[in-house]
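Just so it is clear: chains get the letters A, B, ... in the order the sequence lines come, proteins before strands, and each one is counted from 1. What you see is a predicted model, and the numbers here were worked out from it, not measured in a lab. The figures that follow rest on heavy atoms only: side chains count, while hydrogens, waters and symmetry mates do not.
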Number of protein chains: 4
Amino acid sequence: MSRDAAPAIEATVDSHRPAGRPRDQATDAAILQAAIELLAEAGLRKTTIDAVAARAGVARATVYLRWPTRDALLAAAARQALGQPIYPLTGDFATDLATGARRARTALAQPLFRAIFPELARGLLTSSPAAVYDEIAPNRQRLAAELIAAPEAAGFRDDVDPTLPFDLIIGATLNHLLATGDTPSEADTARMVEVVVDGLRRRA
Amino acid sequence: MSRDAAPAIEATVDSHRPAGRPRDQATDAAILQAAIELLAEAGLRKTTIDAVAARAGVARATVYLRWPTRDALLAAAARQALGQPIYPLTGDFATDLATGARRARTALAQPLFRAIFPELARGLLTSSPAAVYDEIAPNRQRLAAELIAAPEAAGFRDDVDPTLPFDLIIGATLNHLLATGDTPSEADTARMVEVVVDGLRRRA
Amino acid sequence: MSRDAAPAIEATVDSHRPAGRPRDQATDAAILQAAIELLAEAGLRKTTIDAVAARAGVARATVYLRWPTRDALLAAAARQALGQPIYPLTGDFATDLATGARRARTALAQPLFRAIFPELARGLLTSSPAAVYDEIAPNRQRLAAELIAAPEAAGFRDDVDPTLPFDLIIGATLNHLLATGDTPSEADTARMVEVVVDGLRRRA
Amino acid sequence: MSRDAAPAIEATVDSHRPAGRPRDQATDAAILQAAIELLAEAGLRKTTIDAVAARAGVARATVYLRWPTRDALLAAAARQALGQPIYPLTGDFATDLATGARRARTALAQPLFRAIFPELARGLLTSSPAAVYDEIAPNRQRLAAELIAAPEAAGFRDDVDPTLPFDLIIGATLNHLLATGDTPSEADTARMVEVVVDGLRRRA
DNA sequence: TCCTAACCGAGACGGTACGTCCCGTCTTTCA
DNA sequence: TGAAAGACGGGACGTACCGTCTCGGTTAGGA
């Protein structure tokens with residue numbers, strides 16, 4: 001949101017604020033925060049608009065000014081809560097993939113993730129997913145770009161989808177969670193990265 | 001749930017049929033069928049008990065005689081709809097893994113899967129997942145067993161979780177679906193299997 | 001509504017009670033009673049569907065099973081509360097008109113009437129009034145009939161609308177209430193009847 | 001409230017006009033006009049502050065600068081719309097009563113009256129009615145005064161409430177409207193006046 | 001001519017009630 | 001006892017208003 005770009009000269013022209021009382025930015029945050037807390041504490045079912053509004057100290061109508069439906073609010077909360085920070089890439093693909101794997105493992109292990117994931121999946125599968133997914137997990141595209149560009153890439157197969165490594169790592173972690181109720185151990189995660197990196201190498 | 005009772009010999013002793021009119025087995029099927037169709041056509045939200053009962057030509061109370069809650073019914077429908085058939089293993093791990101990848105790709109591409117998956121995930125993440133997951137995808141355990149036992153295994157790393165290959169394949173397919181809205185192409189799926197199998201190989 | 005006509009012989013045929021659990025008659029009464037009490041105690045504004053349901057010890061949805069909107073419920077309550085009992089006519093028009101005047105005076109003096117009247121008027125002015133009005137005040141038609149038929153009528157003008165006496169008496173009482181906040185005194189009411197009866201008499 | 005102040009001499013003292021921009025008188029009128037039109041066209045329910053403000057081309061807050069509540073606005077609109085003009089009295093009571101009856105008949109026949117009356121009645125029955133009623137229908141008091149003062153009065157009963165004739169005429173017209181949905185015919189109105197005037201006459 | 005208080009448009013906001021929809025249970029009749 | 005039908009308690013949803021508030025901008029007078 002580079003909305004407050006504030007160009008130097010034409011400021012008065014460009015930033016014609018809309019008429020009427022401006023929305024309180026803090027309210028947006030309070031509502032999202034309340035929704036995220038409720039999701040983590042009470043689960044999807046009890047994360048009611050009423051409950052969110054009450055916890056945020058806000059009127060129900062105020063929530064509906066910002067998100068048109070409960071689903072939209074939940075999706076926004078999910079994005080906010082699960083959005084992975086961009087971490088600095090070292091330039092070494094294997095290292096960066098391992099970092100991503102560790103971070104994903106940690107994120108998926110949170111109770112919050114368990115509570116939110118179904119709603120998140122629903123959102124991804126019913127609307128245009130690409131944009132939203134990349135918003136949550138921007139590293140998918142960044143690692144794909146690195147795989148193509150990195151010098152190390154010389155040793156890797158160049159006929160595979162560049163997002164494949166990320167999909168394998170994150171997907172396997174997710175599937176392990178769905179199948180067993182828990183994320184893989186740290187050691188297993190490390191070995192998984194080895195397997196994927198080895199698998200990518202060009203064969204003699 | 002003595003649902004799988006009724007062995008031939010001890011019938012009179014063990015399954016002293018409860019008094020009164022017996023339940024119509026066909027009704028069970030009709031309800032599940034209706035639920036699956038509604039999920040595929042109208043989505044999770046519109047798959048209400050009322051709608052399912054109406055489509056099955058059955059009273060609402062009749063549904064509640066069989067499943068205690070809407071969630072239970074939806075979970076049953078998901079299992080019924082997505083349950084992967086057990087396919088014969090050839091004994092060659094790479095081949096069998098490729099077969100599983102192709103089948104998964106097909107299953108996940110169905111609109112039905114998109115509709116059901118969130119509910120399925122919810123069920124897996126809130127109850128004990130293991131039992132249920134293996135019911136839907138029994139091949140996870142079978143492939144893990146094969147990886148251990150297969151003669152070919154001699155060439156593979158033996159320090160990784162035997163379910164890892166399955167988790168990588170299925171997980172990557174799932175993650176690709178969530179991220180892009182579509183399953184990977186058939187060629188990409190094939191290459192993905194190669195990467196995983198290569199990655200498993202013992203290094204020199 | 002001669003719906004419960006109950007013919008002797010064909011009882012089983014005619015009164016095929018509708019399928020399903022029958023509505024509890026007592027619930028109808030409890031809801032109306034609660035509405036009437038609330039109207040009298042708290043006024044139109046506070047007679048909420050929620051409040052009525054709570055006082056009747058009933059779920060909100062149960063109210064909506066019987067009346068489609070709040071207005072419909074209020075109209076029903078008004079009819080129920082203000083419905084004037086049919087009193088026996090003596091055959092002497094002047095006497096019967098005086099009786100009607102006294103009863104009307106008493107009815108309009110109740111706080112309940114003040115609370116209900118606006119809603120009642122709204123109902124009368126927006127739907128077909130005749131049927132409803134006669135349901136509340138059946139004596140309007142009965143007195144009109146008596147005016148035509150009574151032997152005494154010989155001395156009265158026969159060119160006026162037979163409902164005129166009733167309209168004059170009730171209307172004047174109502175207008176006095178609207179203008180002053182109170183019904184006329186008992187003595188004024190008596191004199192008012194005299195004026196109307198005298199006015200009806202044929203002039204020499 | 002001190003709206004009708006402004007005596008000539010003390011002008012500078014009493015009406016020290018408040019500082020700041022004065023209110024636009026035209027806005028008052030536009031709002032009332034919009035309210036009246038909406039009442040006539042769409043009814044009580046749809047005459048919301050929002051709708052009135054929109055039609056008057058005015059902000060909602062501007063309405064609240066003038067009337068504290070919706071009810072107050074509606075009451076003002078009702079007074080404005082239904083306020084009967086003072087007509088010149090001829091001095092002949094029977095003639096003046098007949099004039100009043102004709103005017104009332106015309107006023108009550110308007111769709112506007114049907115729409116406003118419930119709200120008007122609510123206002124009259126919940127606040128102090130006398131002042132308000134006389135504001136709308138000043139002729140009630142004027143006719144009562146005439147009845148007492150008029151020379152013709154010699155022939156009339158002097159033991160009845162002087163507002164009785166007015167109440168009878170207006171009340172009967174109103175009651176006829178409530179009962180049948182329409183005002184009495186012009187001929188019926190004329191006969192009604194005869195009945196009332198005859199009834200008032202002193203008996204031999 | 002500038003100042004200042006009030007007006008005015010626009011819309012956020014806390015509330016409250018509405019009418020709808022669904023859940024899971026209960027009550028009736030019939031087979 | 002199964003099953004159809006529908007009443008019922010309960011609760012969340014999304015909408016529509018109400019009356020208050022907070023912005024920005026305007027506009028008449030008085031200093």
Side-chain angles (χ1 to χ4, degrees), chain A residues 16-24 27 45-51 53-54 57-72, chain B residues 17-24 27 45-51 53 57-73, chain C residues 16-24 27 45-51 53-54 57-72, chain D residues 16-24 27 45-51 53-54 57-73:
Chain A
H16 61 297
R17 59 141 72 232
R21 177 172 169 180
R23 283 198 192 154
D24 189 341
T27 300
R45 258 9 193 285
K46 303 206 169 171
T47 304
T48 311
I49 296 274
D50 251 313
V58 143
R60 230 151 52 81
T62 301
V63 178
Y64 281 106
L65 275 181
R66 284 147 221 270
W67 296 275
T69 65
R70 177 180 179 261
D71 284 352
Chain B
R17 48 150 62 246
R21 175 172 166 186
R23 276 188 201 160
D24 187 344
T27 302
R45 255 9 192 285
K46 302 207 169 169
T47 305
T48 66
I49 298 276
D50 252 312
V58 144
R60 234 147 43 81
T62 302
V63 177
Y64 281 104
L65 281 177
R66 283 149 225 269
W67 295 274
T69 66
R70 175 179 180 262
D71 284 352
L73 170 60
Chain C
H16 61 298
R17 59 144 66 237
R21 176 173 169 180
R23 284 198 192 153
D24 188 343
T27 300
R45 258 7 195 287
K46 303 205 170 171
T47 304
T48 311
I49 295 275
D50 251 312
V58 143
R60 232 152 51 83
T62 301
V63 177
Y64 281 106
L65 276 181
R66 284 147 223 268
W67 295 276
T69 66
R70 177 180 179 260
D71 284 351
Chain D
H16 61 297
R17 52 153 58 249
R21 174 177 170 182
R23 276 189 201 155
D24 187 344
T27 302
R45 255 9 192 283
K46 303 207 168 168
T47 305
T48 65
I49 297 276
D50 252 311
V58 142
R60 235 148 42 80
T62 302
V63 178
Y64 281 105
L65 280 178
R66 290 158 164 78
W67 295 274
T69 66
R70 176 180 180 260
D71 284 352
L73 170 60

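Proximity note for A:Ala61 (side chain, C-beta onward) versus F:dA16, F:dC13, E:dG19: the nearest is F:dA16. You'll find that the side chain of B:Tyr64 is closest to E:dC23, out of F:dC13, E:dC23, F:dT20. Looking at the side chain of D:Arg21, the nearest of the listed nucleotides F:dT26, F:dA4, E:dA12 is F:dT26. For B:Thr48, taking side-chain heavy atoms from C-beta onward, the closest of the listed nucleotides F:dG2, E:dC23, E:dC8 is E:dC23. The nucleotide whose nearest atom lies closest to any side-chain atom of D:Pro22 is, among F:dC17, F:dG29, E:dC18, F:dG29. Comparing E:dC18, F:dG14, E:dC23 against the side chain of B:Arg70 picks out E:dC23 as the nearest.
Where C:Asp24 and D:Thr47 meet DNA chain F, the nucleotide closest to each residue was compared, and C:Asp24 sits on the side nearer the 5' end. Between D:Pro68 and A:Ala51, the residue whose closest nucleotide on DNA chain F is further toward the 5' end is A:Ala51. Along DNA chain E, the nucleotide nearest to B:Thr69 and the one nearest to A:Gly20 differ in position, and the one closer to the 5' end is contacted by A:Gly20. Positionally, the nearest nucleotide of DNA chain E for D:Arg23 lies more toward the 5' end than for the other of A:Ala19 and D:Arg23.
Using a 4.0 Å heavy-atom criterion, one finds that C:Arg60 contacts the bases of the nucleic acid, with or without backbone contacts as well. Contact annotation for B:Arg66: backbone-only contact, meaning every heavy-atom pair under 4.0 Å involves sugar-phosphate atoms and none involves a base. As judged by a 4.0 angstrom heavy-atom cut-off over every strand, A:Ala59 is placed among the base-contacting residues.
Annotation for C:Arg45 and D:Arg70: closest pair NH2-NH1, 4.3 Å, computed over non-hydrogen atoms. When all heavy atoms of B:Asp50 and B:Arg60 are compared, the pair lying nearest together is OD1-CD, 3.0 Å. The two atoms that bring B:Tyr64 and B:Thr69 nearest to each other are CE2-CA, 4.5 Å, heavy atoms only.
A donor-acceptor contact shorter than 3.5 Å is absent between the side chain of C:Thr48 and the backbone of C:Ala51.
Side-chain contact between B:Arg66 and B:Val58 is absent, with no heavy-atom pair separated by less than 4.5 Å.
Atoms CG (C:Asp50) and P (E:dG15) sit 17 Å apart, rounded to a whole Å. Separating the CH2 atom of B:Trp67 from the P atom of E:dG24 is a distance of 14 Å, rounded to the nearest angstrom. Between the CG atom of A:Asp71 and the C1' atom of F:dA12 there is a distance of 13 Å, given to the nearest Å. If you take CZ of B:Arg45 and P of E:dC23, they are 12 Å apart, rounded to a whole angstrom. Atom NZ of B:Lys46 and atom C1' of E:dT20 are 14 Å apart (whole Å). Computed from coordinates, the A:Leu65 CG to F:dG14 P distance equals 14 Å when rounded to whole Å. Computed from coordinates, the A:Ile49 CD1 to E:dG15 C1' distance equals 16 Å when rounded to whole Å.
With rounding to the nearest 0.5 angstrom, the OG1 atom of C:Thr62 is 11.5 Å from the CD1 atom of C:Ile49.
Contact annotation: A:Thr62 side-chain N/O to E:dG14 OP1/OP2 distance is under 4.0 Å.
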